[in-house]
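First comes the structure, then the notes that go with it.
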Amino acid sequence: QVQLVESGGGLVQAGGSLRLSCAASGRTFSTYAMGWFRQAPGKEREFVTAISWSRITRYRDSVKGRFTISRDNAKNTVYLQMNSLKPEDTAVYYCAAGRDLTVTIEQYDYWGQGTQVTVSS
């Protein structure tokens, strides 16, 4: 069992930056792939980025070059550094843990409660 708690969301102006954190419980954190997803009002939850246990990463095209995912296995934490934020990045951001590095929501087993990111224009 893995429990995930996100933090770091907030209100920022367009062009600004935020860093989200996801703290995980459990001794097997380092074996999981970790993903970030987001859901805007009235829209489906979508893949943002993910990192494997070996630190291979994947990004959705619209965040490449602006967002960076990283993990610190000693701290059981995964991070999402978000730069050059745009109003269309506004959403609730969720952290998730799964066995494989994948963009598919259904393949993630554990989810956090989400943290709100709002980017004003």
Side-chain angles (χ1 to χ4, degrees):
Q1 191 79 3
V2 176
Q3 292 184 324
L4 304 172
V5 179
E6 303 98 333
S7 61
L11 173 64
V12 64
Q13 289 189 330
S17 298
L18 282 174
R19 188 174 83 153
L20 305 184
S21 299
C22 173
S25 65
R27 293 176 293 176
T28 59
F29 170 79
S30 63
T31 67
Y32 281 92
M34 300 298 298
W36 286 98
F37 292 78
R38 66 187 181 188
Q39 188 166 17
K43 295 190 176 181
E44 304 253 329
R45 192 171 299 189
E46 65 182 18
F47 171 80
V48 177
T49 180
I51 185 167
S52 72
W53 65 269
S54 60
R55 294 182 169 81
I56 297 170
T57 59
R58 295 187 67 176
Y59 294 91
R60 72 179 297 111
D61 287 346
S62 62
V63 307
K64 285 180 181 176
R66 299 189 298 122
F67 290 12
T68 303
I69 190 171
S70 61
R71 66 190 299 161
D72 185 336
N73 289 336
K75 295 183 178 180
N76 279 15
T77 301
V78 62
Y79 303 98
L80 179 61
Q81 178 67 44
M82 304 186 293
N83 298 328
S84 302
L85 282 160
K86 304 176 181 180
E88 52 263 43
D89 294 318
T90 295
V92 177
Y93 283 71
Y94 297 89
C95 170
R99 293 185 175 276
D100 299 308
L101 183 64
T102 175
V103 304
T104 306
I105 290 176
E106 291 79 7
Q107 294 188 15
Y108 285 84
D109 301 312
Y110 304 101
W111 290 83
Q113 82 290 347
T115 186
Q116 176 71 45
V117 171
T118 303
V119 184
S120 64
S121 57

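Quick caveat, the model's predicted, so the values are computed rather than measured.
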- request: Hey, could you give me each pair passing disulfide bond (SG atoms under 2.5 Å apart) that has a residue in residues 22-113? Not counting sequence neighbours.
  value: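 Listed once each, the pairs are Cys22-Cys95.
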Glu88, CD atom: more than 12 neighbouring heavy atoms under 6.0 Å: yes
Checking [X] side chain against [Y] main chain: does a donor-acceptor pair fall under 3.5 Å?
X     : Y      : answer
Arg71 : Arg55  : no
Arg60 : Phe47  : yes
Glu6  : Gln113 : yes
Thr77 : Ala23  : no
Ser52 : Ser54  : yes

- request: Would you sort out whether Leu80 and Trp36 count as a side-chain contact (heavy atoms from CB on, under 4.5 Å), showing the intermediate values?
  value: CA-CA 8 Å; Leu80 179 61; Trp36 286 98; 3.5 Å; yes
[X] and [Y]: which non-hydrogen atoms are nearest, and at how many Å?
X      : Y      : value
Gly114 : Val92  : CA-CG1, 3.8 Å
Met34  : Ala97  : SD-CB, 3.6 Å
Leu11  : Ser120 : CD1-CB, 4.3 Å
Ala24  : Leu4   : CB-CD2, 3.5 Å
Pro87  : Ala14  : CD-CB, 4.1 Å

Do the non-hydrogen side-chain atoms of [X] and [Y] ever get within less than 4.5 Å of each other?
X      : Y      : answer
Tyr108 : Thr102 : yes
Phe29  : Val2   : no
Tyr59  : Ile51  : no

- prompt: Going through the distances and angles, do Tyr32 and Tyr110 end up as a side-chain contact (heavy atoms from CB on, under 4.5 Å)?
  reply: CA-CA 10 Å; Tyr32 281 92; Tyr110 304 101; 3.6 Å; yes
Do [X] and [Y] sit in the same hydrophobic cluster, where Ile, Leu, Val, Met, Phe, Trp and Tyr count as joined when their side-chain heavy atoms come under 4.5 Å apart?
X      : Y      : result
Phe67  : Val103 : no
Val117 : Tyr79  : no
Met82  : Val48  : yes
Val78  : Trp53  : no

- prompt: side-chain contact (heavy atoms from CB on, under 4.5 Å) between Arg38 and Val63: does it pass, once the steps are laid out?
  reply: CA-CA 12 Å; Arg38 66 187 181 188; Val63 307; 4.1 Å; yes
Parallel, tilted or perpendicular, as decided by the 30° and 60° cut-offs, for the rings of Trp111 and Phe37: tilted
query: Distance from Leu20 atom CG to Tyr93 atom OH, nearest 0.5 Å?
result: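 Nearest 0.5 Å value for the CG-OH distance: 7.5 Å.
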field: Test log, rule side-chain contact (heavy atoms from CB on, under 4.5 Å), inputs Thr90 and Gln116
entry: CA-CA 8 Å; Thr90 295; Gln116 176 71 45; 4.0 Å; yes
- prompt: Less than 4.0 Å between a side-chain N and a carboxylate O, is that true for Asp89 and Lys86?
  reply: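 The answer is no: the pair does not qualify as a salt bridge.
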